[in-house]
Amino acid sequence: MRPASIQMFDKLYLGSLVVGLINFVLFFDDMVAMTQGDLAEIGMGSGFMIGVFAFGITISLLLWYFISRRASKVAKWILVVLTIWGLIGIPATLALPTVQMLMSLLATALSLGSIYFLFTPDAKAWFDGSSAADPSVFE
């Protein structure tokens, strides 16, 4: 049985992905309009944006799987580094239209919250393979 912290990580991290997906769908036309000139210069269209987003979601889900189901310390640290790297984009997020900005900040907050739960004592024990099984599972 996975510890409560890892279960909370699941909820917050997957929640951040859902918020990001909703944000992408709701504001896709706006994002295409903002980058249309840049994409056209390199010969790419809106399909490129969809592909990049799908690739990002795939990587995010793989990290979630390896952290949540396989207790991978490597995946945990990759997620931490990518999240810190993503924080560099916060100033650009503040320039977005209000609803899009708030949804982006919500997704970031959920992601940061999820990472917190990877460093609690029960999560550390679980990553080390030393957490005991929950006895209530066998009742």
Side-chain angles (χ1 to χ4, degrees):
M1 173 103 183
R2 294 173 305 120
S5 292
I6 297 301
Q7 293 175 21
M8 185 58 90
F9 162 78
D10 288 350
K11 292 173 186 171
L12 292 174
Y13 187 70
L14 294 174
S16 75
L17 295 181
V18 168
V19 170
L21 177 64
I22 292 168
N23 200 19
F24 182 78
V25 170
L26 288 177
F27 298 103
F28 178 72
D29 292 336
D30 296 338
M31 288 185 284
V32 169
M34 285 190 310
T35 60
Q36 191 165 7
D38 297 331
L39 289 175
E41 285 180 19
I42 59 172
M44 302 289 178
S46 60
F48 178 74
M49 287 183 74
I50 294 170
V52 168
F53 183 78
F55 180 76
I57 289 290
T58 301
I59 296 299
S60 296
L61 288 173
L62 282 170
L63 287 171
W64 166 78
Y65 172 77
F66 282 108
I67 292 167
S68 178
R69 304 298 181 196
R70 297 290 182 203
S72 170
K73 290 181 186 179
V74 172
K76 175 178 88 168
W77 284 107
I78 290 171
L79 178 63
V80 168
V81 169
L82 289 176
T83 302
I84 291 169
W85 186 24
L87 291 176
I88 295 168
I90 291 289
T93 301
L94 299 176
L96 294 171
T98 305
V99 175
Q100 189 177 5
M101 174 193 67
L102 292 175
M103 289 184 71
S104 294
L105 292 175
L106 174 61
T108 301
L110 288 170
S111 185
L112 289 171
S114 74
I115 287 175
Y116 165 79
F117 286 99
L118 296 178
F119 293 94
T120 59
D122 62 335
K124 287 180 186 177
W126 185 70
F127 280 112
D128 290 336
S130 60
S131 63
D134 182 4
S136 66
V137 170
F138 302 107
E139 293 177 2

Go through Met8 and Thr120 one step at a time and tell me if the side-chain contact (heavy atoms from CB on, under 4.5 Å) criterion holds. CA-CA 11 Å; Met8 185 58 90; Thr120 59; over 6 Å; no
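- Each of Ile84, Val74, Leu118 was scored for a side chain to side chain contact (heavy atoms under 4.5 Å, CB included) with Leu79, with one residue passing: Leu118.
- Distance check, rounded to the nearest 0.5 Å: CD1 of Ile67 to CH2 of Trp126 gives 9.0 Å.
- In the hydrophobic clustering of ILVMFWY residues, with side-chain heavy atoms under 4.5 Å counting as a link, Phe127 and Val81 come out apart.
- Counting only distance, with no hydrogens or angles, the side chain of Ser16 and the backbone of Tyr13 share a donor-acceptor pair below 3.5 Å.
- In terms of heavy-atom proximity, Ala4 sits nearest to Asp122 at N-OD2, 3.5 Å.
- Atoms CE and CG, from Met103 and Leu21 in turn, are 9.0 Å apart once rounded to the nearest 0.5 Å.
- Here CG of Leu61 is found 7.0 Å from CG of Leu14. Values are rounded to the nearest 0.5 Å.
- You'll find the side chain of Leu94 reaches within 4.5 Å of the side chain of Leu105, heavy atoms only.
- Partner Phe53 forms a ring pair (Phe, Tyr, Trp, His ring centres under 6.0 Å) with one of Phe24, Phe48, Phe28, Phe27 and no other, that one being Phe24.
- To the nearest 0.5 angstrom, Thr58 atom OG1 is 11.0 Å from Leu63 atom CG.
- Of all the heavy atoms in Phe66 and Ala75, the pair that sits closest is CB-CB, 3.7 Å.
- Across Arg2 and Gln7, no two heavy atoms sit closer than the pair O-NE2, 2.9 Å.
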Verify side-chain contact (heavy atoms from CB on, under 4.5 Å) between Gln100 and Leu26, making sure each step is shown before the conclusion. CA-CA 9 Å; Gln100 189 177 5; Leu26 288 177; over 6 Å; no
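- Leu102 places none of its side-chain heavy atoms less than 4.5 Å from the side chain of Val99.
- Side-chain contact check for Leu87 versus Leu112: some heavy-atom pair is nearer than 4.5 Å.
- Using a distance-only test at 3.5 Å, with no hydrogens or angles considered, a donor-acceptor pair links the side chain of Thr108 to the main chain of Ser104.
- The line from NZ of Lys76 to CD1 of Ile6 is 8.0 Å long, rounded to the nearest 0.5 Å.
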Check the pair Trp64, Arg69 against side-chain contact (heavy atoms from CB on, under 4.5 Å), reporting the backbone distance first and the verdict last. CA-CA 8 Å; Trp64 166 78; Arg69 304 298 181 196; 3.8 Å; yes
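- The two atoms that bring Thr83 and Ser111 nearest to each other are OG1-OG, 3.9 Å, heavy atoms only.
- A distance of 11.5 Å separates OG of Ser72 from CG of Leu62, quoted to the nearest 0.5 Å.
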Please walk me through it: do Phe119 and Ser5 pass side-chain contact (heavy atoms from CB on, under 4.5 Å)? CA-CA 9 Å; Phe119 293 94; Ser5 292; over 6 Å; no
